[in-house]
Amino acid sequence: MTWRTVSTDKDTAMSDHRRFPGCRLLLTCTQCGWMKGYAPERVIDRLRELRAGGHRTRIAQVARQARPCPRCRSTTWQADFAWPAGMTDSEIKRLASLYRN
């Protein structure tokens, strides 16, 4: 599956996912390239449950707290917001207007 990453900086907070309708938090292993997308709302809920963060938590900090890679056991992750491969520009615009109204 090919992901389309969103251009963000290193200070992007988890709450910024609202600016990118339909996006996922994409964790990518920097050693082997394994990747998986997570729903940002669920990640925020899990951070709050563990009392490890919440809406203001930076995505880089989420990457540092992730478990080892299931493929290579590395603990170096890169976190980005990304849209799944099937998400078209028209679908993104539709979701944006749905959330806005």
Side-chain angles (χ1 to χ4, degrees):
M1 176 186 269
T2 304
W3 293 83
R4 293 186 339 179
T5 59
V6 176
S7 297
T8 57
D9 59 359
K10 64 181 180 74
D11 292 329
T12 303
M14 286 297 299
S15 61
D16 291 340
H17 77 277
R18 295 181 198 129
R19 295 185 345 201
F20 313 108
C23 75
R24 299 286 180 248
L25 177 68
L26 180 67
L27 288 179
T28 307
C29 177
T30 59
Q31 299 296 318
C32 69
W34 185 88
M35 58 181 64
K36 184 169 181 179
Y38 297 92
E41 299 87 5
R42 293 189 65 196
V43 173
I44 291 169
D45 289 341
R46 183 67 176 151
L47 287 169
R48 294 173 104 189
E49 182 181 305
L50 296 173
R51 298 178 189 231
H55 290 281
R56 293 183 179 251
T57 305
R58 305 286 179 226
I59 61 173
Q61 184 179 353
V62 173
R64 287 192 298 268
Q65 293 177 354
R67 291 183 177 173
C69 174
R71 185 186 294 170
C72 69
R73 294 293 175 206
S74 171
T75 57
T76 54
W77 294 96
Q78 177 180 348
D80 295 299
F81 286 130
W83 287 294
M87 183 80 66
T88 62
D89 290 334
S90 61
E91 179 70 10
I92 293 167
K93 289 178 185 176
R94 185 189 71 78
L95 288 173
S97 73
L98 181 71
Y99 295 154
R100 183 176 45 248
N101 298 329

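Hydrophobic clustering (ILVMFWY, side-chain heavy atoms < 4.5 Å, transitive): Tyr38 and Leu50 are in distinct clusters.
At least one side-chain heavy atom of Leu25 sits less than 4.5 Å from a side-chain heavy atom of Phe81. Looking only at side-chain heavy atoms (C-beta outward), Ile44 and His17 come within less than 4.5 Å of each other. Taking 4.5 Å as the limit, some side-chain heavy atom of Arg4 sits within range of a side-chain heavy atom of Asp89. For the pair Met14/Ile59, a side-chain contact is recorded, criterion being any heavy-atom separation below 4.5 Å from C-beta on.
Minimum interatomic distance between Ala79 and Leu27 (heavy atoms only, all atoms of both residues): CB-CD2, 3.7 Å. In terms of heavy atoms, Pro40 sits closest to Arg24 at CD-CA, 4.0 Å. Pairing each heavy atom of Leu95 with each of Pro21, the nearest pair is CB-CB, 3.7 Å. Taking both residues in full, the closest heavy atoms of Thr12 and Asp9 are given as OG1-O, 2.8 Å, listed atom of the first, atom of the second, then distance.
Using the six-membered ring where Trp is involved, Trp83 and Phe20 have ring planes that are perpendicular, over 60° apart on the 30 and 60° scheme.
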Donor-acceptor list for residues 60-75 side chains, cut-off 3.5 Å, not counting sequence neighbours:
{"from": "Ser74", "atom 1": "OG", "to": "Thr76", "atom 2": "N", "distance (Å)": "3.3"}
{"from": "Ser74", "atom 1": "OG", "to": "Thr76", "atom 2": "OG1", "distance (Å)": "3.0"}

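Note that OG1 of Thr28 is 9.0 Å distant from CH2 of Trp3, once rounded to the nearest 0.5 Å.
Counted within 6.0 Å of CZ on Arg48, heavy atoms from surrounding residues, nucleotides or ligands total 12 or fewer; the atom is thus considered open.
Arg58 places a side-chain N or O within 3.5 Å of a backbone atom of Asp11 that can act as its donor or acceptor partner.
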